[in-house]
Amino acid sequence: MADKVTTIKLKEMKQKGEKITMLTAYDFSTAKVLNEAGIDIILVGDSLGMVKLGYENTLPVTVEDIFYHTKAVKRGNSRALLVADMPFMSYETNKKDALYNAGRMVKEGGAEAVKIEGGIDCIETIKSIIRTKIPVMGHLGLTPQAINQLGGYKVQGREEEAAEKIFFEARELEKAGVFAIVLECIPEKLSQKITKTISVPTIGIGAGPVCDGQVLVTDDMIGLFAEFKPKFVKRYLNLRPQIVNAVKQYCAEVKEGKFPSEEHTYK
Ligand code: KIV
């Protein structure tokens with residue numbers, strides 16, 4: 001497909017000042033919808049744990065979970081770059097595990113790249129995955145897999161020292177060869193400094209409009225996941241009450257004998 005989004009194309013988009021769009025998907029039909037709408041990157045994020053599996057945070061998500069959902073998304077995707085998230089403890093234990101798990105995402109799952117949360121602590125692992133020819137997307141700022149260390153979903157890099165560390169890590173990730181970096185929940189000034197300095201695209205979530213692209217969790221932006229709504233989420237659709245109403249109407253029609261009607265009945 002001529003229009004296919006690749007890591008090379010994303011770099012060209014940054015150079016041309018063309019904004020990059022990214023959303024999450026965990027299933028075949030959502031991937032089809034995102035493709036039809038022309039999204040650039042689809043992420044099978046470990047947010048899956050919270051919005052689809054009902055966990056309190058992303059930590060329980062397994063390689064098998066991401067793997068299973070990546071295969072489903074792959075079947076519905078054609079144009080977007082397909083990125084699989086490396087879940088908690090799938091790359092931290094040792095390089096061998098990291099390579100094996102990243103390899104499975106690509107070889108069996110059909111992902112075209114993987115995303116890894118963290119900076120300097122996982123730089124050697126990231127380098128070795130890239131050496132095996134698997135493109136890696138970095139993720140800095142609020143890294144939800146570090147929730148127990150961060151003490152909550154808070155804006156990161158507000159203090160000068162913390163901001164310097166994130167800036168330094170962005171440059172190290174660029175040197176390591178990542179093709180893009182997600183910047184989550186950091187002040188706009190810091191995203192601007194990073195975006196202007198590094199050559200690879202920055203994809204923001206709660207990092208302001210200066211980033212080269214934006215990402216949201218699809219279930220948040222369509223109003224399906226309504227347990228909580230971070231400040232950075234814009235709901236483009238409020239789907240949940242619409243589904244509740246549709247289900248109520250269905251229940252009423254079944255109970256009243258109005259559904260199925262002639263139209264939905266085989267003769
Ligand atoms: O898991 C996820 O959906 C993510 C995005 C929010 C970037 O990491």
Side-chain angles (χ1 to χ4, degrees), residues 10 19-27 30-31 34 39-63 65-70 72-73 77 80-92 101-102 105 109 111 113-119 122 126 135-147 150 152-156 166 170 173 178-186 191 194 200-208 211-222 224-225 227-236:
L10 295 175
K19 293 279 187 186
I20 298 164
T21 57
M22 170 165 153
L23 282 170
T24 61
Y26 319 100
D27 63 86
T30 307
L34 299 190
I39 204 80
D40 296 318
I41 308 175
I42 295 182
L43 171 71
V44 183
D46 62 359
S47 49
L48 144 80
M50 294 170 83
V51 303
K52 294 296 181 202
L53 305 179
Y55 295 132
E56 198 184 315
N57 54 46
T58 60
L59 302 186
V61 175
T62 64
V63 170
D65 291 333
I66 298 284
F67 183 56
Y68 175 86
H69 288 273
T70 301
V73 170
N77 180 49
L81 182 81
L82 178 54
V83 182
D85 224 354
M86 293 286 280
F88 181 57
M89 295 313 280
S90 67
Y91 56 93
E92 296 93 333
N101 290 326
M105 296 297 175
V114 296
K115 177 168 82 58
I116 290 194
E117 287 186 16
C122 44
I126 288 175
V136 176
M137 174 180 265
H139 185 155
L140 295 173
L142 173 58
T143 47
Q145 290 174 18
I147 183 73
L150 301 177
Y153 298 103
K154 303 172 194 160
V155 177
Q156 302 295 307
I166 295 173
L173 285 177
V178 299
F179 71 90
I181 304 176
V182 168
L183 297 176
E184 181 162 352
C185 273
I186 61 169
S191 330
I194 297 172
V200 296
T202 58
I203 314 286
I205 173 162
C211 297
D212 299 305
Q214 296 293 324
V215 56
L216 282 176
V217 170
T218 299
D219 293 57
D220 286 337
M221 69 81 84
I222 62 172
L224 191 55
F225 183 73
E227 311 316 306
F228 60 88
K229 182 183 153 315
K231 176 183 162 75
F232 58 76
V233 169
K234 177 170 174 181
R235 281 206 183 124
Y236 286 80

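The figures here come from the full heavy-atom set of this structure, side chains too, leaving out hydrogens, waters and symmetry mates. First listed ligand is number 1; within each ligand, the first listed atom is number 1.
Counting non-hydrogen atoms of other residues, nucleotides and ligands closer than 6.0 Å to CD of E227 gives a total above 12.
One finds the NZ atom of K52 at 6.0 Å from the OG1 atom of T30 (value rounded to the nearest 0.5 Å). Here the OG1-CG distance, from T202 to L173, works out to 12.5 Å after rounding to the nearest 0.5 Å.
For ligand 1, the atoms sitting less than 4.0 Å from at least one non-hydrogen atom of T24 are 3 (O), numbered in the order shown with element in parentheses. In the vicinity of G45, heavy-atom distances shorter than 4.0 Å reach the ligand 1 atoms 1 (O), 2 (C), 3 (O). Taking every heavy atom of I205 and a limit of under 4.0 angstrom, the matching atoms of ligand 1 come to 6 (C). Close contacts between ligand 1 and L43 involve ligand atoms 2 (C), 3 (O), 4 (C), 5 (C), 7 (C), 8 (O) [criterion: under 4.0 Å to a heavy atom].
At least one N/O-N/O distance between K115 and ligand 1 falls below 3.5 Å. Polar contact check, S47 against ligand 1: a nitrogen or oxygen pair lies under 3.5 Å apart. At least one N/O-N/O distance between D46 and ligand 1 falls below 3.5 Å. Geometrically, ligand 1 and D85 share a nitrogen or oxygen pair separated by less than 3.5 Å.
Between H69 and Y26, the ring planes lie perpendicular to each other; the angle is over 60°, past the 30° to 60° tilted range.
Annotation for A31 and A25: closest pair N-CB, 4.2 Å, computed over non-hydrogen atoms.
The only option from H139, M89, E92 that meets the side chain to side chain contact (heavy atoms under 4.5 Å, CB included) definition with Q145 turns out to be E92.
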Problem set entry | Criterion side chain to side chain contact (heavy atoms under 4.5 Å, CB included) on F232 and Q214, from CA distance to verdict | CA-CA 11 Å; F232 58 76; Q214 296 293 324; over 6 Å; no
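Heavy-atom separations between H139 and ligand 1 include at least one value shorter than 4.0 Å.
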